[in-house]
Structure formats: structure tokens, C-alpha cells
Amino acid sequence: VQLQASGGGLVQAGGSLGLSCAASGRIFRIENMNWFRQAPGKERKLVATITRRGTTDYVDSVKGRFTISRDNARNMFYLQMNTLRPEDTAVYYCNADVRTDVRSTYSRFYWGQGTLVTVSS
């Protein structure tokens, strides 16, 4: 299973960016899909999560500005980021809880390679 994140870049404060994450490989079903971020010199932290049924949750600092969504048929998920702030600058990682075997309920988390988002003031 591979996750491929894309969509990062440089944007001015107040602007918007959209991230995408494509999952490929031996996938039976993807459970939770998540976006994490890691700012320079800091730990990687969860930003947003979406369940298979579409229930979402966000860290307080991005509520009302970021939107996570998913396309189960295409094994893709997204993070729309609006009203960006300099403190949103980080490497963003997609993460997914994947079941690979229809005969087993076992699942594990996979990570994408990260995409850099830079917000200038």
C-alpha cells in the first residue's frame, strides 16, 4: 500500500491551498483517513481526521478554516485549507488506516511522503 500526497506550495497569509492523497496497492477498505503536520523543530501532530462514514474532527487551531473530505470509490482524500496563517507552515502528511484482506479485520496505518506548505506573512 502506498499513499501519495500532493498539492503543497507557497501561499500568502489569508490564501488557500488544497492537498490530495491517493492510496494505491492492495486495498480492501480504508477506515479512518488523517492529515498530520510537522512544523520545523516540532513534533508531528494530527490536524484532521475523517471516518469511512464521513464523520470529521479537527484540531482546534484549524476548525472553521480546514475541511477534510474523502472519495471512497477512488481511495482518495483531501484537505482544503482556507484563510491560511504563517503558523500553518509545516510538512503535511497523509495517513490512512487500511485493511488489505477481506477475510480479516486487521488493519494498519500507512503514511504518505509529506508535502510542504509554506504560508508567508
Side-chain angles (χ1 to χ4, degrees):
V1 175
Q2 292 185 329
L3 300 183
Q4 180 70 42
S6 60
L10 174 64
V11 64
Q12 288 187 334
S16 298
L17 274 178
L19 305 182
S20 299
C21 186
S24 61
R26 183 181 175 185
I27 298 171
F28 166 61
R29 192 166 76 182
I30 302 177
E31 305 297 342
N32 285 10
M33 293 173 162
N34 312 295
W35 287 98
F36 287 73
R37 67 184 180 187
Q38 187 167 17
K42 296 188 177 181
E43 295 182 349
R44 190 176 302 186
K45 294 184 178 181
L46 180 64
V47 174
T49 189
I50 184 167
T51 68
R52 182 168 180 81
R53 293 186 177 185
T55 301
T56 60
D57 196 14
Y58 302 89
V59 66
D60 285 347
S61 60
V62 307
K63 284 181 179 177
R65 301 188 297 122
F66 289 13
T67 302
I68 188 171
S69 60
R70 63 189 287 168
D71 183 338
N72 290 333
R74 298 175 62 198
N75 289 331
M76 291 193 67
F77 57 116
Y78 311 92
L79 186 68
Q80 178 62 38
M81 305 181 292
N82 298 327
T83 320
L84 282 160
R85 305 168 180 168
E87 54 264 38
D88 295 318
T89 295
V91 177
Y92 284 71
Y93 296 89
C94 55
N95 168 274
D97 185 15
V98 181
R99 286 178 59 186
T100 58
D101 189 344
V102 64
R103 298 165 297 179
S104 172
T105 59
Y106 172 77
S107 65
R108 57 156 288 190
F109 286 97
Y110 292 86
W111 290 92
Q113 83 287 6
T115 184
L116 177 62
V117 172
T118 303
V119 184
S120 63
S121 57

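Note: hydrogens, waters and symmetry copies are ignored here, and every other heavy atom, side chains too, is used.
Counting only heavy atoms from C-beta outward, the side chains of Asp101 and Arg26 approach each other to under 4.5 Å. Contact annotation: the side chain of Asp88 approaches that of Arg37 to within less than 4.5 Å [non-hydrogen atoms, C-beta and beyond]. Counting heavy atoms from C-beta outward, Gln4 and Gln113 have side chains that approach closer than 4.5 Å. Here the side chains of Leu84 and Phe66 are in contact, with some heavy-atom distance below 4.5 Å. Proximity of Ile27 to Val1: side-chain heavy atoms (C-beta onward) are separated by under 4.5 Å at one or more points.
For the atom pair Met33 CE and Ile68 CD1, the distance stands at 8.5 Å (nearest 0.5 Å). How far OG of Ser20 is from CD of Gln80: 9.5 Å, rounded to the nearest 0.5 Å. Atom OG of Ser61 is separated from atom CD of Glu87 by 8.0 Å, given to the nearest 0.5 angstrom. Between atom CZ of residue Arg70 and atom OG1 of residue Thr56 there is a gap of 11.5 Å, rounded to the nearest 0.5 Å. Note: Thr115 OG1 to Leu17 CG = 9.0 Å, rounded to the nearest 0.5 Å. Between Asn34 atom CG and Asn95 atom CG the span is 4.5 Å, to the nearest 0.5 Å.
Cluster membership for Leu3 and Tyr78, using ILVMFWY side-chain heavy atoms within less than 4.5 angstrom, is not shared. At a threshold of 4.5 Å between side-chain heavy atoms, the hydrophobic network of Ile, Leu, Val, Met, Phe, Trp and Tyr places Val59 and Tyr93 in two separate groups. Under a hydrophobic-cluster definition in which Ile, Leu, Val, Met, Phe, Trp and Tyr are linked whenever side-chain heavy atoms come within less than 4.5 Å, directly or via other members, Leu19 and Met76 are assigned to different clusters. Under a hydrophobic clustering in which Ile, Leu, Val, Met, Phe, Trp and Tyr are joined whenever their side-chain heavy atoms come within less than 4.5 Å, directly or via other members, Met81 and Val47 fall into the same cluster. Tyr92 and Leu10 fall into different hydrophobic clusters, where Ile, Leu, Val, Met, Phe, Trp and Tyr are joined by side-chain heavy atoms under 4.5 Å apart, directly or via other members.
Each of Thr49, Thr55, Ile50 was scored for a side chain to side chain contact (heavy atoms under 4.5 Å, CB included) with Asn32, with one residue passing: Thr49.
Within a 6.0 Å sphere centred on CD of Gln2, other residues, nucleotides and ligands contribute 12 heavy atoms or fewer.
With respect to the salt-bridge test (charged N to carboxylate O, under 4.0 angstrom), the residues Glu31 and Arg29 qualify. With salt bridges taken as basic N to acidic carboxylate O contacts below 4.0 Å, one links Asp60 and Lys63.
Here the closest non-hydrogen pair linking Ala23 and Ile30 is CB-CD1, 3.7 Å. Nearest heavy-atom pair, Tyr58 versus Ala48, reported as atom, atom and distance to 0.1 Å: CD2-CB, 3.6 Å. Looking at every heavy atom in both residues, Asn82 comes nearest to Ser16 through OD1-OG, 2.9 Å. Nearest heavy-atom pair, Val117 versus Gly8, reported as atom, atom and distance to 0.1 Å: CG2-CA, 4.1 Å.
Listed by chain and number, the residues in a ring pair (Phe, Tyr, Trp, His ring centres under 6.0 Å) with Phe77 are Trp35 (sequence neighbours excluded).
Under the ring-ring contact (aromatic ring centres under 6.0 Å, His included) criterion, the residue pairs touching residues 100-121 are Phe36-Trp111, with sequence neighbours excluded.
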